[in-house]
There are 2 protein chains.
Amino acid sequence: MSDRRTQILDAAATLISERGFTSTSVDDVIKGAKLSGKSHFYHYFKSKEELGYEVLNRQFERFAERGLAILREPMIDPLERLNLFIDAVVALQSESGGRRGSPFGNLAAELADAHEGFRVRIEAVFERWASQIRSLLWEARPQLHDDVDAVRLSRFIIAALEGAVLMTRVKRDLSVLEGIAADLKRFIAMHVRDGAAMQLPRHFE
Amino acid sequence: MSDRRTQILDAAATLISERGFTSTSVDDVIKGAKLSGKSHFYHYFKSKEELGYEVLNRQFERFAERGLAILREPMIDPLERLNLFIDAVVALQSESGGRRGSPFGNLAAELADAHEGFRVRIEAVFERWASQIRSLLWEARPQLHDDVDAVRLSRFIIAALEGAVLMTRVKRDLSVLEGIAADLKRFIAMHVRDGAAMQLPRHFE
DNA sequence: GGATATTAGGACCGTACGGTCCAATATGCA
DNA sequence: TGCATATTGGACCGTACGGTCCTAATATCC
């Protein structure tokens, strides 16, 4: 992949996460990526829409590397991994000073009703995210109550985090996200079998 | 308030909740409200921005009447009222077939970073909403654990509901919201004192 | 009746948008 | 060397946008 392409994608990602897709013009992207003109841009992307799709994919890959990867760490207890993942979401948000939200939630709210192409792709992103959590919960099932519904719980976790990020942006207060993250951990802990927490550090016995 | 004005506001509310504020043009609103021309519109509103503010206010008033009012019903146990309120949010969402989201969440995601005027007004909406829940929790405090943090819990409830509405729109599946609503009730029930007067149903359907 | 809103309809303006086309130069690689 | 790709720079197009201005026909209310 050429340098220029990633340069354009990076600039577009920043702009889109700041102002949304609709309010980001191709000219803005050109300026952000320091291109000479429109023909230069359209040499790499056939339309603004396609640029948007690629930006979304890259955002997810970045999130998969820096966030979701934690869910798969093999040496850590699954439920602890889930807590670490929640911490990572908080950390990612605080990197932007709590201002920029989850790129998926933003695009979802902006385009889910208006643009079917984006809606489908965002749905796929959430599904991949949810499936990571589901398999973690499956791995942790010996520690969980029998009636835990992994599909529902994974959706709840994502919804709570997305809602929290949104409220954090509106209030411009990172502590909103921190509080909700802490409560979310408690909600997850609610599903843990009594005494399972004691089982955890098996290495100590 | 003149008929025309409310006619315009209603048309604008529908369009904005369907396509967002930025993607709704004044011409669209004029067409939707069956006005004769732009001068007719600008006779009632000095700008599109001001129209947006008034639409937001009306959406909140509508939500206050049809949703938040439940939180203040004097004859019902406070914690049961909270459950009924959550049911009402689900019902409001299903009215639009699960497609249109919370008007506040939509505008928040679209404009929180880009438009300070809207951000402040949306923040006020969430604050009024949160304060209603806070005073309900205060009323219910004899039934709650001593360490319940009403500020945090109220934020959690709102974030979970907003996130749930967002995911429901993306997946086009109302059962997402229903599941999260049920889980949210369980989370709230977690804060209830053992043996408190009001016993909350634990749904595990 | 006369003053005041309301409705109607259209011309117009400056700006921005996504996108196309073209001509010329630079660069890298076989 | 030669050919393809990358880069530059700009003109251009059709459309849409928010907003202004102007005129004139109706209602409404004192």
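Quick note on labels: first sequence line is chain A, next is B, and so on, each numbered from 1. Every heavy atom of this structure was used, including side-chain atoms; hydrogens, water molecules and symmetry mates were not.
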Practice item. Establish whether the base of dG19(D) is bridged to the side chain of Ser47(B) by a donor-acceptor pair shorter than 3.5 Å. Key: no
Exercise for review: Anything under 30° is parallel, anything over 60° is perpendicular, the rest tilted; go ahead and classify Phe60(B) against Phe63(B).
Suggested key: tilted
Review point. Can you find a side chain N or O atom of Ser25(B) that sits less than 4.0 Å from OP1 or OP2 on dA16(D)?
Key: no
Check your understanding: What is the nucleic acid contact for Thr22(A), judged by heavy atoms within less than 4.0 Å: base, sugar-phosphate only, or nothing?
Key -> nothing
Study note, to complete from the structure: When rounded to whole Å, the OH to P distance for the pair Tyr42(A) and dG18(C) reads 6 Å
Exercise for review: Find the distance His40(A):NE2 to dT20(C):C1' and express it as a whole number of Å.
Suggested key: 17 Å
Practice item. Find which nucleotide of DNA chain D each of Asp27(B) and Ser36(A) is nearest to by heavy atoms, and output the residue with the more 5' nucleotide. Key: Ser36(A)
Check your understanding: Between the base of dG18(C) and the side chain of Lys38(A), is there any donor-acceptor pair under 3.5 Å?
Key -> yes
Review point. Could Lys48(B) and Phe21(B) be counted as a cation-pi pair, given that NZ or CZ must be under 6.0 Å from the ring centre and within 45° of the axis?
Key: yes
Check your understanding: Roughly, in whole Å, what's the span from CZ in Phe41(A) to C1' in dT20(C)?
Key -> 14 Å
**Study point:** Length of the line joining Asp3(B):CG and dT6(C):P, which is rounded to integer Å
**Key:** 12 Å
Exercise for review: Would you mind reading off the distance between Ile30(A) atom CD1 and dA6(D) atom P, rounded to a whole angstrom?
Suggested key: 17 Å
Point to revise | Identified side chain to side chain contact (heavy atoms under 4.5 Å, CB included) counterpart of Ser102(B) within the set Glu162(B), Arg169(B), Gln93(B) | key: Glu162(B)
Review point. Hey, does the Lys NZ or Arg CZ of Arg5(B) hover above the aromatic six-ring of Phe45(B), less than 6.0 Å from the centre and inside 45° of the axis?
Key: yes
Exercise for review: Please figure out whether Lys34(B) or Ser23(A) has its closest DNA chain C nucleotide nearer the 5' end.
Suggested key: Lys34(B)
Practice item. Assign the ring pair Phe118(A) / His115(A) to parallel, tilted or perpendicular, where the plane angle (0 to 90°) is split at 30° and 60°. Key: perpendicular
Exercise for review: Take atom CD of Glu50(A) and atom C1' of dG19(C), then tell me their distance rounded to the nearest Å.
Suggested key: 14 Å
Review point. Are OP1 or OP2 of dT7(C) and a side-chain N or O of Arg4(B) less than 4.0 angstrom apart?
Key: yes
Check your understanding: For the pair made of CZ in Phe45(A) and P in dT20(C), what is the distance, rounded to whole Å?
Key -> 15 Å
Revision key, fill the gap. His43(A) atom NE2 is separated from dT25(C) atom C1', nearest whole Å, by 14 Å
Check your understanding: Out of dT8(D), dC17(D), dG18(C), which nucleotide sits closest to the side chain of Ser39(A)?
Key -> dT8(D)
